[in-house]
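Report on the following structure.
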Amino acid sequence: MKELLEVIAKRLVEHPEQVVVTETNNERALVLELKVAPEDMGKVIGKQGRIAKAIRTVVKAAGIHEDKKIIVEIVQ
């Protein structure tokens with residue numbers, strides 16, 4: 001899942017070398033934190049959060065295939 005999120009994010013931003021995805025397991029779910037350059041934050045979130053919602057939907061759908069609950073957090 002980490003690789004999928006990295007690929008999606010790197011295609012959206014102008015500074016793909018600054019895309020960092022960290023993976024944390026807790027008892028309920030797999031948490032993926034996405035960090036991008038500050039000037040790319042708008043491209044990852046999109047108008048009214050539409051792109052962020054789409055990213056979360058794609059990653060969660062891939063997680064369902066593997067019976068995992070996945071939470072995607074976009075952080076600065």
Side-chain angles (χ1 to χ4, degrees):
M1 294 309 120
K2 180 179 176 180
E3 296 81 18
L4 174 63
L5 184 56
E6 283 179 352
V7 168
I8 293 170
K10 285 182 179 182
R11 301 283 185 209
L12 293 173
V13 299
E14 287 188 28
H15 304 285
E17 68 280 354
Q18 293 184 14
V19 171
V20 177
V21 177
T22 56
E23 187 175 289
T24 308
N25 273 317
N26 65 22
E27 63 277 353
R28 296 186 325 237
L30 174 66
V31 179
L32 298 175
E33 287 188 355
L34 173 62
K35 293 182 184 178
V36 296
E39 57 270 11
D40 288 331
M41 192 61 84
K43 292 180 180 177
V44 173
I45 295 174
K47 288 186 180 181
Q48 297 179 352
R50 289 182 183 162
I51 294 175
K53 184 177 179 182
I55 291 171
R56 289 183 178 110
T57 301
V58 169
V59 174
K60 284 182 183 181
I64 289 172
H65 182 68
E66 296 181 9
D67 283 337
K68 293 182 181 178
K69 182 175 179 183
I70 299 176
I71 299 170
V72 176
E73 296 179 354
I74 301 171
V75 296
Q76 288 185 337

Minimum heavy-atom distance Val7-Arg11, with the two atoms named:
O-CG, 3.0 Å
Are Val59 and Ile71 connected, step by step, through hydrophobic side chains (Ile, Leu, Val, Met, Phe, Trp, Tyr) whose heavy atoms are closer than 4.5 Å?
no
Rounded to the nearest 0.5 Å, what's the gap from NZ on Lys69 to CD1 on Ile64? Could you check?
11.0 Å
Just so I know, are the side chains of Ile74 and Met41 near enough to count as touching, which here means a heavy-atom distance under 4.5 Å?
yes
Which heavy atom of Met1 sits nearest to which heavy atom of Gly63, and what is that distance?
SD-N, 3.8 Å
Please report the interatomic distance NZ(Lys2) to OG1(Thr22), rounded to the nearest 0.5 Å.
7.5 Å
If hydrophobic clusters are built from ILVMFWY residues whose side chains come within less than 4.5 Å, do Val72 and Val31 share one?
no
Going from CD on Glu33 to CD on Glu23, what distance comes out if it is rounded to the nearest 0.5 angstrom?
11.5 Å
Heavy-atom side-chain contact between Leu12 and Val36 under 4.5 Å
no
Work out which heavy atom in Val19 is nearest to a heavy atom in Leu34; give both atom names and the distance.
CG1-CD1, 3.8 Å
Answer yes or no: is there a donor N or O on one side and an acceptor on the other, between the side chain of Asp40 and the main chain of His15, under 3.5 Å?
yes
Could you state the interatomic distance from CG (Leu5) to CD1 (Ile70), rounded to the nearest 0.5 Å?
9.5 Å
So for atom CD, which belongs to Glu17, do other residues, nucleotides or ligands contribute more than 12 heavy atoms lying within a distance under 6.0 Å?
yes
Between NZ on residue Lys43 and CD on residue Glu14, distance to nearest 0.5 Å
3.0 Å
